[in-house]
Protein chains: 2
Amino acid sequence: MSQPDTVTRILDAAEELFAEKGFSETSLRMITTKAKVNLAAVNYHFGSKKELVQAVFGRFLTPFTHKLDKELDKLSELKAEPNFNDVLGVLVKTMLVGVEPGVRDKKLSVFMRLLGLAYTQAQAHLRRFLFANYAVTYRRFINYLKQAHPDLSSREIFWRIHFAIGSVVFTMSSFEVLRNMAIEDTGVDSSIEDVMGLLMPFLSAALEQESPA
Amino acid sequence: MSQPDTVTRILDAAEELFAEKGFSETSLRMITTKAKVNLAAVNYHFGSKKELVQAVFGRFLTPFTHKLDKELDKLSELKAEPNFNDVLGVLVKTMLVGVEPGVRDKKLSVFMRLLGLAYTQAQAHLRRFLFANYAVTYRRFINYLKQAHPDLSSREIFWRIHFAIGSVVFTMSSFEVLRNMAIEDTGVDSSIEDVMGLLMPFLSAALEQESPA
DNA sequence: TCAAATTTAAAACGATCGTTTGGATTATCA
DNA sequence: TGATAATCCAAACGATCGTTTTAAATTTGA
């Protein structure tokens, strides 16, 4: 698994097509045509389509989790008792840092779209792969949230976070559909930044809501 | 398009399989095997797989929108100026009324899962079908929300509602995945009712949040 | 330089897919 | 009852899928 050019071209093409169409709606022939490589190249370099799917996720999740780990290290050095917004701020910062502003929106929406597919598409092998490789960092992050809100139970933290993930993932991965609906409905067009500007306070209010128990 | 038994059996099987696997991951042979009908029956009764997908949505959306229209009629008779919770209450009531409590959870999660697929799967024909058939009731509902919150712009109403839809749809349509993650993470199992009990106040706080502008 | 690794090419594989066909079977109703 | 239409069935069609194979060309690195 070496030689940057062909492998990278396949990953680029696959990433874009997966995000656009989903996994089973994207054929290897579409990928290799777009990447301008031979059909057999995918099986040669990755072994199978499933492993290609995993490689696409691995390419951005591995550096991402490394950055997140480092940022969490920094945070715990700076503040002994970080609060909710600190921890979530680290997550957002990690998503944005090192990405050139020009391609930030594109990269981010592809990231979100793929994340959504990981949850909603029937790809048990992918969830096994993600769990096997990234569960440690994920759990570390959740634990920070937990200690930032000791009044909330683990159960409440878990579900609130995933309610929020649901909003973000759904909004980003259906963004083009929703954007057109919004124009149709309200006559006003909204960019991703505009919508994020509405989404953040929305989630803030929800996440910080007092538990009724 | 007559003869209730075969058509109904196909719709039942298709609905369940679509909700479980998605559209393109479900073959007509899976559907006809589960429905115990001949393979050709789908094309005979529905014309094509696409039209079957639309028929599955139509079967529950047509009575649903009729009920919703009636409930909105009732509401405007009862209260001249319904508030946010009144309007959303009508929606929830419409989803639950007439469904036997025994199968309510099953029906509801299938409904949500299908709704999520309509947004996230690559099925342009389906979104065209939904818009052509149900846009009127949808728009009427949104208008009620608007007049219940005249302080919010159409744009803010639209996006808040869809942030909320995102949470619900994501949570319900990934419920089995999330449920297993929650057990792994927190050691606590949660039923759909449990999670709904957390999700409702979460969304309440977010939807009613004061606009910063 | 020479062997190994990579890339391309072209073809075929077995499998599965949605769809179609033509005849058998069943239901409908004058 | 007998004719007409609706339904069902087994089988096949053509297309596409992921994957594999064989062979030649090219690049790479020790």
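Order of the sequence lines fixes the chain letters, A, B, ..., with proteins taken first and strands second; residue numbering starts at 1 for each chain. All values below were derived from every heavy atom in this structure, side-chain atoms included, with hydrogens, water molecules and symmetry-related copies excluded.
- The salt bridge (charged side-chain N to carboxylate O under 4.0 Å, His left out) check on A:K34 picks up A:E16, with sequence neighbours excluded.
- Checked for salt-bridge contact, B:R59 and B:E15 meet the test: a charged N lies under 4.0 Å from a carboxylate O.
- The side chain of A:H45 contributes an N or O atom lying less than 4.0 Å from OP1 or OP2 of C:dT7.
- Across all non-hydrogen atoms, the minimal contact from B:N133 to B:F129 is ND2-O, 2.7 Å.
- A salt bridge is absent between A:R155 and B:D189; no separation between the charged side-chain nitrogens and carboxylate oxygens falls under 4.0 Å.
- Backbone-only engagement by A:V37 is indicated by non-hydrogen atom pairs under 4.0 Å involving sugar-phosphate atoms exclusively.
- Taking 4.0 Å as the cut-off between side-chain N and carboxylate O, B:D73 and B:R140 count as a salt-bridged pair.
- Summarising the geometry, atom OG belonging to B:S109 is positioned 4.5 Å from atom CD1 belonging to B:I192; distances are rounded to the nearest 0.5 Å.
- Across the protein-nucleic acid pair, A:K21 atom NZ and D:dC17 atom C1' stand 15 Å apart, rounded to whole Å.
- Between B:K74 and B:E77 there is no salt bridge, since no side-chain nitrogen of the basic residue lies less than 4.0 Å from a carboxylate oxygen of the acidic one.
- Applying a 4.0 Å cut-off to non-hydrogen atoms, the residues of residues 26-34 of chain B that approach DNA chain C are B:T26, B:S27, B:L28, B:R29, listed by residue number.
- For A:Y44, a side-chain nitrogen or oxygen approaches OP1 or OP2 of C:dT6 to under 4.0 Å.
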Give me the distances for all protein-to-nucleotides 21-26 of chain D N/O pairs that come in under 3.5 Å?
none

